Amino acid sequence: MDSIYNKTYDELIKYFESIGEKKFKATQVFEWLYLKRVKSFDEMSNIKKDIIDELKKEFVIKNINLDKVERDVEVNKYLFTLSDGNHIESVLMRHDYGTSICISSQVGCNMGCHFCESGRLKKVRDLTAGEMVEQILKVEEDIKIRITHVVIMGIGEPFDNFDNFKRFVEIINYQKGINIGSRHITVSTSGIIPKIKEFEQFPYQVNLAISLHAPNDKIRNELMPINKVYPIKDLIKELKNYIKITNRRVTFEYILLDGINDTEMCANELCNLVEGMNCYINLIPYNETNNLGYKRSKKDTISKFYDIIKKRKINVTIRREFGTNISAACGQLRSKKEDL
Ligand code: SAH
Ligand code: SF4
């Protein structure tokens with residue numbers, strides 16, 4: 001049976017119309033689910049018993065189970081068990097401007113990036129939109145405050161689960177539901193060009209982040225197999241097009257890996273690549289994982305890399321260090337739990 005958390009508001013309207021009911025029932029159901037946060041249809045007290053029975057025939061209010069929370073000052077890490085026994089993670093971060101959640105979009109990932117724990121473990125399956133929505137509901141239930149920002153940067157490649165990603169955005173953006181503004185949502189991709197093209201037409205102004213991690217094909221091919229399918233020049237060309245069409249800024253994520261992509265030459269090459277684009281570069285200190293053998297760049301190498309970009313007047317930040325103590329890099333908690 002379908003989880004009701006998979007349904008968009010428009011789909012619920014259609015459902016109620018199909019059983020001969022008024023469409024405001026969809027508003028009531030959304031309010032029960034996302035404002036009052038009930039866990040069963042029986043709690044929807046302003047909806048008639050026979051309609052509740054109809055709902056029960058069609059849908060379940062299924063729940064992912066919270067398995068474990070690791071808590072730190074600015075960050076909590078959540079491990080969930082799905083109804084089929086698979087595990088995923090979400091990370092909550094507290095900022096001056098609010099609280100953001102980093103959610104997973106798949107169990108594992110097929111992109112196989114060599115530095116990434118989720119890539120090492122391959123994709124088991126896509127998450128449904130409902131399972132993405134529930135990560136927000138469960139974490140809010142734990143912290144008892146509203147989440148203001150959502151990033152889709154946990155386990156998985158969201159553009160390899162594109163339809164569910166779009167559905168997820170539509171559900172959490174809906175005003176009478178969780179109501180997270182599309183400008184407060186960011187999706188991160190390893191650079192699947194045809195999906196970036198489709199994303200251009202998506203009617204929600206979601207921010208786009210690109211996992212670049214290298215300034216040329218030689219290094220990127222070694223880190224990210226996807227680059228052999230969609231090489232850097234094509235990716236940049238498509239992103240310039242994206243910026244022109246949407247008038248939105250793109251974020252480049254760049255993990256600094258010791259001795260691999262952190263030289264002065266790499267910094268300059270990176271600047272040449274993105275110069276003139278409406279973008280900013282987010283330098284990420286690598287979170288070392290036991291299994292993969294990559295090392296984080298030294299502190300002064302990171303500063304030097306940053307200075308070179310800054311001097312070229314390109315927007316750049318070094319990502320604040322979140323949760324290195326608590327396995328907060330993508331996929332680390334899951335692989336520990338499953339002993340993978
Ligand atoms: N698949 C998407 C989104 C999930 S990965 C993508 O690749 O963009 C989210 C980000 O975490 C990516 O930029 C990824 O490169 C980065 N990442 C993966 N493993 C990491 C690690 N051990 N330390 C720091 N960042 C990591
Ligand atoms: Fe997948 Fe992103 Fe990890 Fe690459 S970095 S393996 S695309 S989750």
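Counting starts at 1 for both ligands and their atoms, in listed order. Bear in mind the structure is a predicted one, so any value in this text is a computation, not a measurement.
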Strictly by modelled atom types, are R312 and N272 linked by a side-chain donor-acceptor pair under 3.5 Å? yes
Describe, in one word, how the ring planes of Y9 and F30 are oriented to each other, choosing from parallel (under 30°), tilted (30 to 60°) and perpendicular (over 60°).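 Taking F30 first and then Y9, their aromatic rings stand perpendicular (interplane angle over 60°).
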Indicate the ring-plane relationship of F115 and Y294, choosing parallel, tilted or perpendicular according to the 30° and 60° boundaries. perpendicular
Look only at the side chain of [X] and the backbone of [Y], and say whether a donor-acceptor pair between them is shorter than 3.5 Å.
X    : Y    : answer
Q135 : S104 : yes
R249 : I243 : no
N164 : L127 : yes

Taking [atom] as the point of reference, which of [options] owns the nearest heavy atom?
atom                    : options                : result
atom 1 (Fe) of ligand 2 : C109, G108, G191       : C109
atom 2 (C) of ligand 1  : P285, S188, G119, C102 : S188
atom 19 (N) of ligand 1 : C116, S118, G191       : C116

Considering only heavy atoms, does E157 approach ligand 1 within less than 4.0 Å through its side chain, its backbone, both, or neither? both
Distance filter under 4.0 Å to [X] heavy atoms, resulting ligand 1 atoms:
X    : value
G156 : 1 (N), 2 (C), 3 (C), 4 (C)
H213 : 13 (O), 14 (C), 15 (O)
T189 : 6 (C), 8 (O)

Mind jotting down which residue pairs meet the ring pair (Phe, Tyr, Trp, His ring centres under 6.0 Å) criterion with at least one end in residues 124-147? Sequence neighbours excluded, please.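 Passing the test, one end in residues 124-147: no pairs.
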Nitrogen or oxygen atoms of [X] and ligand 1 under 3.5 Å apart:
X    : value
E117 : no
I255 : no
S211 : yes

So is [X] touching ligand 1 or not, going by heavy atoms under 4.0 Å?
X    : answer
E288 : no
S190 : yes
S105 : no
A209 : no

Would you say [Y] ends up clustered with [X] if hydrophobic residues are merged whenever their side chains have heavy atoms under 4.5 Å apart, either directly or through other cluster members?
X    : Y    : value
Y280 : F252 : no
I308 : I284 : no
I103 : V124 : yes

Metal check, atom 1 (Fe) of ligand 2 vs C116 N/O/S, cut-off below 2.8 Å: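 Not a single backbone or side-chain N, O or S atom of C116 is under 2.8 Å from atom 1 (Fe) of ligand 2.
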Out of all atoms in ligand 2, which are within 4.0 Å of some heavy atom of [X]? Include the element for each.
X    : value
S190 : 7 (S)
M111 : 1 (Fe), 7 (S)
G119 : 6 (S)

In sequence, state the C-alpha distance, the side-chain angles, and the governing distance for N221 and D217, and then conclude on side chain to side chain donor-acceptor pair (under 3.5 Å). CA-CA 6 Å; N221 280 343; D217 284 333; 5.5 Å; no
Applying side chain to side chain contact (heavy atoms under 4.5 Å, CB included), run through L208 and T186 and close with a yes or a no. CA-CA 6 Å; L208 179 65; T186 301; over 6 Å; no
Test of understanding: given a 4.0 Å heavy-atom threshold, classify the contact between C113 and ligand 2 as side chain, backbone, both, or neither. both
Measuring from the heavy atoms of G156, does anything fall under 4.0 Å of ligand 2? yes
